[in-house]
Amino acid sequence: EDRYSVVFDCGFATPVNKVTVKDVPLITKAVSLHATVFLVKAELDQLADGLELFGIVGLMRKHPNKMKPLFVYDPMDKPTAELMIALFDVHFSPPGTSKRVTEETAILYWNELLQDMANGLIKTVVHSMDEDERPVTLCIGDLLTFITGADRLPPMGFPEVPVIEFNHDPSIQLPTASTCTPSITLPLSQAS
């Protein structure tokens, strides 16, 4: 009886002694609608009223395809070279220094690497535990995973702006990343 009262509260009004197996899809639909829409209807209405204040609802009706990415997360949305270039804050040395010139050149190579990754031109070989080699093409999502731990931009963005930093120590040869910050440090060495 208690379980049926929950179903009744969800809008399925057939008396309990008349429910059959054929009613299962209707009960499922009633419970699903109740849990996903009706329980939060007041909140959704309040959100719509707030968006209406700024004319957003009208824009959503007029341009649904353009507005959808702002409100609906698409897990298939892969990062692009353009997104990566815009996403990162680059911490350059002061202008006019030789370090700055080297860093600006490195960023040009960084942008070229991103374009090559986007075009599927970066290939490598992965060695597995059983010594088999497997060729792979690295994509921008792989690079983003190395730097941030995520293979695509989170729906609400990263908690902090991802950063590109530089290390001018000639003994450092490989980039390092911190997924907590998120940041990547590119190794650079000054030619004497």
Side-chain angles (χ1 to χ4, degrees), residues 1-91 110-111 114-115 117-120 126 136-165 176-185:
E1 290 292 322
D2 286 338
R3 280 185 253 157
Y4 185 74
S5 68
V6 171
V7 174
F8 184 79
D9 290 343
C10 292
F12 188 79
T14 302
V16 71
N17 60 349
K18 303 271 187 198
V19 174
T20 66
V21 173
K22 287 194 252 179
D23 293 321
V24 170
L26 295 172
I27 294 171
T28 303
K29 183 178 179 181
V31 171
S32 298
L33 277 173
H34 183 74
T36 59
V37 177
F38 301 135
L39 280 178
V40 293
K41 184 165 180 358
E43 291 85 355
L44 292 174
D45 289 343
Q46 186 177 11
L47 174 64
D49 291 344
L51 292 172
E52 188 63 51
L53 285 173
F54 299 101
I56 306 289
V57 173
L59 288 172
M60 291 169 74
R61 287 188 181 114
K62 188 173 182 182
H63 307 287
N65 291 335
K66 290 181 181 178
M67 298 297 287
K68 183 178 180 179
L70 299 175
F71 294 93
V72 179
Y73 174 61
D74 182 0
M76 299 309 289
D77 195 15
K78 305 249 188 242
T80 63
E82 294 76 19
L83 172 78
M84 291 286 282
I85 291 167
L87 181 64
F88 284 83
D89 186 18
V90 182
H91 289 181
W110 170 263
N111 293 344
L114 293 172
Q115 292 298 332
M117 287 181 129
N119 294 326
V126 174
V136 296
T137 301
L138 296 177
C139 66
I140 292 175
D142 297 324
L143 181 61
L144 190 61
T145 300
F146 172 69
I147 301 167
T148 67
D151 65 348
R152 52 185 49 98
L153 194 63
M156 299 298 290
F158 292 104
E160 298 178 41
V161 175
V163 173
I164 297 175
E165 297 174 320
T176 57
S178 170
T179 57
C180 297
T181 308
S183 66
I184 184 167
T185 302

Student: Check side chain to side chain contact (heavy atoms under 4.5 Å, CB included) between Ala118 and all other residues, then give those that pass, not counting sequence neighbours.
Tutor: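 If we apply the side chain to side chain contact (heavy atoms under 4.5 Å, CB included) test to Ala118, skipping adjacent residues, the hits are Ala81, Ile140.
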Student: Taking atom CD of Glu160 and atom CG of Asp89, what is their separation to the nearest 0.5 Å?
Tutor: 11.5 Å
Student: Go through it in stages, so that I can follow the logic: the residues are Leu138 and Phe146, the test is side chain to side chain contact (heavy atoms under 4.5 Å, CB included), and I'd like the CA-CA distance, side-chain angles, deciding distance and then a yes or no.
Tutor: CA-CA 11 Å; Leu138 296 177; Phe146 172 69; over 6 Å; no
Student: What are the two closest heavy atoms between Thr179 and Gly149, and how far apart are they?
Tutor: CG2-N, 3.6 Å
Student: Mind checking side chain to side chain contact (heavy atoms under 4.5 Å, CB included) for Lys22 and listing every partner two or more places apart, or none if nothing turns up?
Tutor: Thr20
Student: List for me each residue that meets side-chain hydrogen bond (donor to acceptor under 3.5 Å, both in side chains) alongside Ser183, sequence neighbours excluded, and say none if there are none.
Tutor: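 Ser183 satisfies side-chain hydrogen bond (donor to acceptor under 3.5 Å, both in side chains) with no other residue.
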Student: With sequence neighbours excluded, what pairs up with Thr176 under the side-chain hydrogen bond (donor to acceptor under 3.5 Å, both in side chains) test?
Tutor: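 Scan of Thr176 (side-chain hydrogen bond (donor to acceptor under 3.5 Å, both in side chains), adjacent residues dropped) gives none.
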Student: Can you tell me how far the CG atom of Asp142 sits from the CE atom of Met117, to the nearest 0.5 Å?
Tutor: 6.5 Å
Student: Can you tell me how far the CZ atom of Phe88 sits from the CD1 atom of Ile147, to the nearest 0.5 Å?
Tutor: 4.0 Å
Student: Who are the side chain to side chain contact (heavy atoms under 4.5 Å, CB included) partners of Leu153, not counting sequence neighbours?
Tutor: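 Side chain to side chain contact (heavy atoms under 4.5 Å, CB included) check on Leu153 returns Leu83, Leu87, Phe158.
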Student: Measuring from Lys78:NZ to Leu144:CG, what's the distance to the nearest 0.5 Å?
Tutor: 11.5 Å
Student: Between side-chain atoms of residues 52-67 and protein atoms elsewhere (two or more places apart, or another chain), which donor-acceptor pairs fall under 3.5 Å?
Tutor:
none

Student: Please report the shortest heavy-atom distance between Asp23 and Val19, naming the atom on each side.
Tutor: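 The answer is OD2-CA, 3.3 Å.
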Student: Scan for side-chain hydrogen bond (donor to acceptor under 3.5 Å, both in side chains) pairs involving residues 27-48, sequence neighbours excluded, and state none if there are none.
Tutor: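 Listed by first then second residue: Lys41-Asp45.
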Student: Applying side-chain hydrogen bond (donor to acceptor under 3.5 Å, both in side chains), name anything that partners Thr137, two or more places apart in sequence or on another chain.
Tutor: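 Lys123.
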